[in-house]
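Worksheet for the structure shown next.
In each ligand, atom 1 is the first atom listed, and ligand 1 is the first ligand listed.
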Amino acid sequence: MEDKKTKLEAGWKLENSYSRLPKSFFSSLKPTPVRSPKLIILNHPLSKDLGLSIEALKSDDGVSVLAGNQIPEGAFPLAQAYAGHQFGYFNMLGDGRAILLGEQETPLGERLDIQLKGSGKTPYSRGGDGRATLGPMLREYIISEAMHALGIASSRSLAVVSTGESITRETLQPGAVLTRIASSHLRVGTFQYVSQWGTVEELRTLADYTLQRHFPGVEGYENKYVFLLREVIKRQASLIAKWQLVGFVHGVMNTDNMAISGETIDYGPCAFMDSYNEETVFSSIDKHGRYAYGNQPKIAAWNLARFAETVLPLLHANQTEAVKMAQSAIEEFTDMYNNYWIDGMRKKLGIFNKEEQDKSMIEKLLSMMQKYKADYTNTFCSLTIYELKDIATFKTTEFAKWKKLWQARLERQKETKSSTHELMRKNNPALIPRNHRVEEALEAAVKQEDYSVMESLLDVLSNPYDHSKEQSDYSTVVAPSNLPYRTFCGT
Ligand code: AMP
Ligand code: MG
């Protein structure tokens, strides 16, 4: 095995700007080679967007790069250092099983991180083996691509390669490497790491690097670090509102899993809620529901307060002033989030303009859904296509009363019925990655090496606002079982 052997035709146009940051920010090391890499899935549209040749990626050399066995020209492999509050407790973390190759310059001139996940031990692995298994990497692939298709900012999945090695979890599992794409892997935890163990100059270097990557053109701002803080807060408010609007539960909103770019990252124990319940939790380790569906906005605000603390030395020379500035920025999160959320809810109900009583109308619907355990996605979907038969909630007198309110509300706006319908169609997905569908796809892939179930699922999920006949098959809800659906970390 020799470096820089990858054929140029693959289209790699890599460099690693992170490697030019202070040495303490990362550890430079190569992925650990794997025994016999085999390409399981490759994202064709994303390959094209990245300027990569599908044929070249499928070739032995291409797969060898996706497995970490060859390093493409221009890459500078490294593991990023970061810290984080895990369930409220501060820890030193870092990429324990991921290697950042660098940033690919796309044909449109974007620069996107290329990271291999499951690529061996690093100085930050602590007790872990640095590896990942096939099922969970395919799960991240399916859910991150579904999120992207739903119009929610997210890291993307380029490929999953199986390694030909067995990994010890509860049972022996096939090993895999996921190639993950993100606009960066800068986290709240990256700032926490530098704030805790670095100098103020290093913190400034990190903040300047972040501004340059995500918020270019701020040089003229009076206080660019206040701008950074406010923008990060705004992007998170928008992101979390989108999660809530589709019923996505991230499951492990530790500060190290919150991206500065405002993208959803680190898909672990996440899943979509079926019946509407604020207390929905899937993660096996979230015993007290810290990261329950209904808590996500509060947790985001808590994480952002941790972020604000890290940048205090940059905000103002006088720390009392700096704290005031940070507090006023953080206080805006709740209003910002509520506005994004209510705007999204109005759209889900076909409402174009604003009326004071919209909030209470929306809350009435949600509380009926909670009371009657109505499926979140299918309720909005039925309202969209105006088929109000199959769901128990629709048969109640409470709903009949609510429907009158809603209909009267729609009549008070000037838009036509068809534009109302169109607005609802674009904001209520016909389908989400249902837990039983995802499990069925993973089981066929991992146990039978049959990838067709996953491919069909990915196909329907790529167009969630289509509302086609074919999709209705995928929106069926399974009868609630005695055993709740459970998800896991570090798999
Ligand atoms: P997360 O699940 O994203 O919250 O991961 C928390 C930390 O554990 C990160 O530093 C990961 O890199 C690390 N980690 C998770 N799984 C492994 C593993 N199998 N080997 C080494 N580190 C791991
Ligand atoms: Mg993580």
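Within Asp266, the N, O or S atom lying nearest to the Mg ion (ligand 2) carries the name OD2.
Side chains of Asp113 and His185: a donor on one and an acceptor on the other come within 3.5 Å.
Between Phe333 atom CZ and Gln236 atom CD the span is 7.5 Å, to the nearest 0.5 Å.
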For ligand 1, list every N/O pair with the protein closer than 3.5 Å, one pair per line with the distance.
residue, atom, partner, partner atom, Å
ligand 1, 3 (O), Asn257, OD1, 3.2
ligand 1, 3 (O), Asp266, OD2, 3.2
ligand 1, 4 (O), Asn257, ND2, 3.1
ligand 1, 8 (O), Arg126, NH2, 3.0
ligand 1, 10 (O), Gly94, O, 2.6
ligand 1, 12 (O), Gly94, O, 3.3
ligand 1, 12 (O), Gly96, N, 2.8
ligand 1, 16 (N), Arg97, NE, 3.2
ligand 1, 19 (N), Asp129, OD1, 3.1
ligand 1, 19 (N), Arg131, O, 3.3
ligand 1, 20 (N), Asp129, N, 3.4
ligand 1, 20 (N), Gly130, N, 2.9

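Between Lys38 and Glu449 there is a salt bridge, with a side-chain nitrogen of the basic residue lying less than 4.0 Å from a carboxylate oxygen of the acidic one. Ion pairing between Asp129 and Lys121 fails under the 4.0 Å rule for side-chain N and carboxylate O.
Aromatic ring orientation, Phe25 versus Tyr193: perpendicular (interplanar angle above 60°, classes split at 30° and 60°). In this pair, Phe76 and Phe26 present their aromatic rings perpendicular. The plane angle is above 60°, beyond the 30 to 60° band. A parallel orientation is assigned to the rings of Trp243 and His250, their planes being inclined by less than 30° (bins at 30° and 60°).
For the Mg ion (ligand 2), the set of nearby N, O or S atoms under 2.8 Å includes none belonging to Asn254.
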